[in-house]
Asks: 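First, the structure itself, so that you have it in front of you.
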Amino acid sequence: MEVDKMDENEWKYHGEGNKSLVVCNVQHARVLRLLKYSTEDAENSHKTTEQAFRHIQNIVDYSVNVMKPLLGEKFVHNGEAVKLPLDFVRQLSLKVQQERPESRCDKVMDTFSGCALCLPNLTQLSCCCSRAHRPPLCIEIKPKCGFLPSSRHVTKDIKSKVCRFCMHQHFKLAHGKWKRLSRYCPLDLFSGNKQRMSLAIKHLIEEPQNNFKIFKGGECIYSCKDDADVLQDLDELAQHLRPYFLPSGSLLNGHQSSKVVLNELIQVIVSALLSSWDPRKTHPSEGRVRCEASLLRRDLLRNSNHCLPKDCVLDKILGTQMLDSLDIEGLNPLFKRLEQHLQDFPKERSSLQIDGPYSQSFLEKVQNCPTEDDGSIEYAVGKVHQYRVAMTAKDCSIMITIATCGEEDGLDQSLEIQPTKPRFTYSVSILDLDPKPYESIPHQSRLDSKIVNHYLRSTLPNNQELANQSVFLGWDREGEDCTLVFHPV
């Protein structure tokens, strides 16, 4: 792509998150991620070109130097910080505005700096060999946190029984974020047990929220639609998928056909998630057997092995998530220790790499953190960096791109799944690997407390009676927050 000849008509809206908007090129397998700002203060809050470019370069450096060594070369793709003509960016902003969901329009695209992150379009398959000329399918999953905390610092027993995602669902429902609870539980997906994983993916399909999307030929054909009839949507999705999973002469039709097609899709997703260079090596699922909020049958739990193949994508993500070994409750005192140190020695902020640079030395601080708290600032810094890296892994996305293959297509068997059924080649990638802000740690601590306390109030029987009988008011030392802790009697 020649930057000075860019045409907004060659790009189309692809999607967006809380902090960036993504467009894809209709001819080249490339996407651009552009920053977003609040509509209330867009002109005052935007970064200069140099600040925006540095911000995007930090994302690139963090992905390449920190997350790639932890998650694996084969899963993480390098991006590039680019500067674009301002006129192109402004015309592009006008073009995509009408395609944006209304719920996302509280922020506007950055049209001031001209900076963006250029990445490969992972909804496309670079070695697509489909003789049937079917466009590739891509499944995007946000798996979320796949383990229960076992830290001695955890003060609420419920956190060792019910996972953060399941508790957060109740909090979001109460605050109007979603209209329906998702039945998905990350612990089922990360279990390594195919039946549990299939159940987890089935629940993601039933209630995708922001955690599940399907693309066909780069176009999103299935995602969250708050007011949609789910059954109608699933039948429509099955129509898109039928040519991939059912032979053209199949006698199945209607609801039976849809059920078979979706089950086949689920099995392909499970196979891709468990694919490993050495499937004989496995990691047991220590400390993360079951979430009590999951709909998993207890007999299924008893009769199953719980392990992930070493170096499969879920194993890599989970290992990185578990760098959060203290939980936010154990990390918060270390954050305050570090904050006090930075107040006393502000010039050390740079050498401690609080705001980067995200280089090899940052990764070494993450990997070489002391195992026991010796009261040092090095321990506090190491644990804070580990927590931030773990939070990135808890919020990442997995992209599984598949394409059908003919009988004559010569394939590396390690890149092929379901050889006895319709044959697919596939790729698995991890994206959304931005560094989490150091300054967000106090917010995460407050949010954790709100989520847990809301879950206890909303799910405990006779919670109003319990609240009346035993309420403890714990005031934050800074006098800003009041936490209600309900003790059963």
Asks: For the pair Ser198 (side chain) and Lys194 (backbone), establish whether a donor and an acceptor sit closer than 3.5 Å, ignoring hydrogens and angles.
Replies: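 Present.
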Asks: Tell me, please, which residues at least two apart from Phe362 pass ring pair (Phe, Tyr, Trp, His ring centres under 6.0 Å).
Replies: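 For Phe362 the ring pair (Phe, Tyr, Trp, His ring centres under 6.0 Å) partners, ignoring immediate neighbours, are Tyr358, His385.
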Asks: Per the salt bridge (Lys or Arg N to Asp or Glu O under 4.0 Å) rule, what does the pair list look like for residues 58-67, sequence neighbours excluded?
Replies: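 For residues 58-67, and leaving out neighbouring residues, the salt bridge (Lys or Arg N to Asp or Glu O under 4.0 Å) pairs sorted by first residue read Arg54-Asp61.
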Asks: Please say which of Asp434, Ile430, Leu71, Ile141 ends up in a side chain to side chain contact (heavy atoms under 4.5 Å, CB included) with Cys396.
Replies: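 When side chain to side chain contact (heavy atoms under 4.5 Å, CB included) is applied between Cys396 and each of Asp434, Ile430, Leu71, Ile141, only Ile430 qualifies.
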Asks: Within the side chain of Ser440, is there an N or O that forms a donor-acceptor pair under 3.5 Å with the backbone of His443?
Replies: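 Side chain of Ser440 to backbone of His443, a donor-acceptor pair under 3.5 Å: no, none is there.
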Asks: Cut-off 3.5 Å, side chains only: do Gln169 and Gln209 have a donor facing an acceptor?
Replies: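 On atom types as modelled, these side chains qualify, holding a pair under 3.5 Å.
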Asks: Using only heavy-atom distances, determine whether the side chains of Lys36 and Asn18 contain a donor-acceptor pair under 3.5 Å.
Replies: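 No donor-acceptor contact under 3.5 Å links the two side chains.
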Asks: May I ask you to decide whether Glu16 forms a salt bridge with Arg104, counting only side-chain N to carboxylate O separations under 4.0 Å?
Replies: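 Salt bridge absent between Glu16 and Arg104.
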Asks: For His454, enumerate each residue passing the ring pair (Phe, Tyr, Trp, His ring centres under 6.0 Å) test, keeping only those at least two apart in sequence or located in another chain.
Replies: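 Once residues adjacent in sequence are excluded, the partners of His454 under the ring pair (Phe, Tyr, Trp, His ring centres under 6.0 Å) criterion are Phe171.
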Asks: Does any donor atom in the side chain of Lys12 or Asn25 lie under 3.5 Å from an acceptor atom in the other side chain?
Replies: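 No donor-acceptor contact under 3.5 Å links the two side chains.
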Asks: Is it the case that the side chain of Lys142 and the backbone of Asp395 share a donor-acceptor pair, with hydrogens and angles ignored and the cut-off at 3.5 Å?
Replies: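 Side chain of Lys142 to backbone of Asp395, a donor-acceptor pair under 3.5 Å: yes, one is there.
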Asks: Could Arg164 and Asp448 be called an ion pair, given the rule that one side-chain N must be under 4.0 Å from one carboxylate O?
Replies: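 Asp448 and Arg164: salt-bridged.
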Asks: How long is the straight-line distance from CG of Asn78 back to CG of Leu119, given to the nearest 0.5 Å?
Replies: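 So the CG of Leu119 and the CG of Asn78 are separated by 9.5 Å.
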Asks: Donor-acceptor pair, distance only, cut-off 3.5 Å: does the side chain of Asn263 make one with the backbone of Lys259?
Replies: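 Side chain of Asn263 to backbone of Lys259, a donor-acceptor pair under 3.5 Å: yes, one is there.
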Asks: When rounded to the nearest 0.5 angstrom, what distance separates CD1 in Ile201 from CG in Leu265?
Replies: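 If we round to the nearest 0.5 Å, Ile201:CD1 and Leu265:CG are 8.0 Å apart.
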Asks: Using atom types as modelled and distance alone, determine if a side-chain donor or acceptor of Arg134 lies under 3.5 Å from a backbone N or O of Pro243.
Replies: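 Judged by distance alone, yes, a pair lies under 3.5 Å.
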Asks: Using ring centroids (six-membered ring only for Trp), state whether Tyr438 and Tyr387 fall under 6.0 Å.
Replies: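 For Tyr387 and Tyr438, the ring centres are not under 6.0 Å apart.
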Asks: Are any side-chain N or O atoms of Glu264 and backbone N or O atoms of Phe245, one a donor and one an acceptor, separated by less than 3.5 Å?
Replies: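 No: the side chain of Glu264 does not pair with the backbone of Phe245.
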Asks: Would the distance check show the side chain of Ser276 and the main-chain N or O of Pro309 forming a donor-acceptor pair, the cut-off being under 3.5 Å?
Replies: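 Not at all, since once roles are kept as given, no pair shorter than 3.5 Å links the two residues.
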Asks: Are a donor atom and an acceptor atom from the side chains of Ser258 and Asp235 found within less than 3.5 Å of each other?
Replies: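 Yes.
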Asks: Under 3.5 Å, is there a donor on one side chain and an acceptor on the other for Thr123 and Glu219?
Replies: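 Judged by distance alone, the side chains do not pair up.
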Asks: Give a yes-or-no answer on whether the side chains of Tyr184 and Ser294 include a donor-acceptor pair shorter than 3.5 Å.
Replies: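 Ser294 and Tyr184 do not have a side-chain donor-acceptor pair below 3.5 Å.
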Asks: Go through the structure and list residues passing ring pair (Phe, Tyr, Trp, His ring centres under 6.0 Å) with His203, not counting sequence neighbours.
Replies: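 Once residues adjacent in sequence are excluded, His203 has no partner under the ring pair (Phe, Tyr, Trp, His ring centres under 6.0 Å) criterion.
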Asks: Any ion pair linking Arg290 and Asp188 (charged N to carboxylate O, less than 4.0 Å)?
Replies: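 So Asp188 does not pair with Arg290 through a salt bridge.
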Asks: For residues 316-324, dump all side-chain donor-acceptor pairs below 3.5 Å to protein atoms at least two apart in sequence or in another chain.
Replies:
unit_1, atom_1, unit_2, atom_2, d
Thr320, OG1, Lys316, O, 3.0
Gln321, OE1, Gly146, N, 2.9
Gln321, NE2, Lys144, O, 2.9
Gln321, NE2, Ala393, O, 3.2
Asp324, OD1, Asp327, N, 3.1
Asp324, OD2, Lys394, NZ, 2.7

Asks: Between Arg30 and Glu10, is there a side-chain N and carboxylate O pair less than 4.0 Å apart?
Replies: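 Answer for the salt bridge query: no.
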Asks: Quick one: pull up SG in Cys312 and CZ in Phe190 and give me the separation to the nearest 0.5 Å.
Replies: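 Here the interatomic distance stands at 9.0 Å.
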Asks: Show your working on side-chain hydrogen bond (donor to acceptor under 3.5 Å, both in side chains) between Ser275 and Tyr426 and close with a plain yes or no.
Replies: CA-CA 10 Å; Ser275 62; Tyr426 72 101; 3.2 Å; yes
Asks: Take Leu246 and Ser257 through the side-chain contact (heavy atoms from CB on, under 4.5 Å) test and state the conclusion after the steps.
Replies: CA-CA 8 Å; Leu246 277 184; Ser257 168; 3.5 Å; yes
Asks: Going by atom types only, do Lys383 and Ser325 share a side-chain donor-acceptor pair under 3.5 Å?
Replies: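 Checked: Lys383/Ser325 side chains pair up, N/O donor to acceptor below 3.5 Å.
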Asks: Are more than 12 heavy atoms from other residues, nucleotides or ligands located less than 6.0 Å from atom NZ of Lys450?
Replies: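 Not buried by this count: 12 neighbours or fewer within 6.0 Å.
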Asks: Judged by modelled atom types alone, do Arg100 and Gln97 share a side-chain donor-acceptor pair under 3.5 Å?
Replies: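 Distance-only check passes for Arg100 and Gln97.
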Asks: Strictly under 6.0 Å, is that where the ring centroids of Phe215 and His240 end up?
Replies: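 No, the ring centres sit 6.0 Å or more apart.
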Asks: What donor-acceptor contacts under 3.5 angstrom involve side-chain atoms of residues 79-95, with partners at least two apart or in another chain?
Replies:
unit_1, atom_1, unit_2, atom_2, d
Arg90, NE, Thr111, O, 3.3
Lys95, NZ, Trp11, O, 2.7

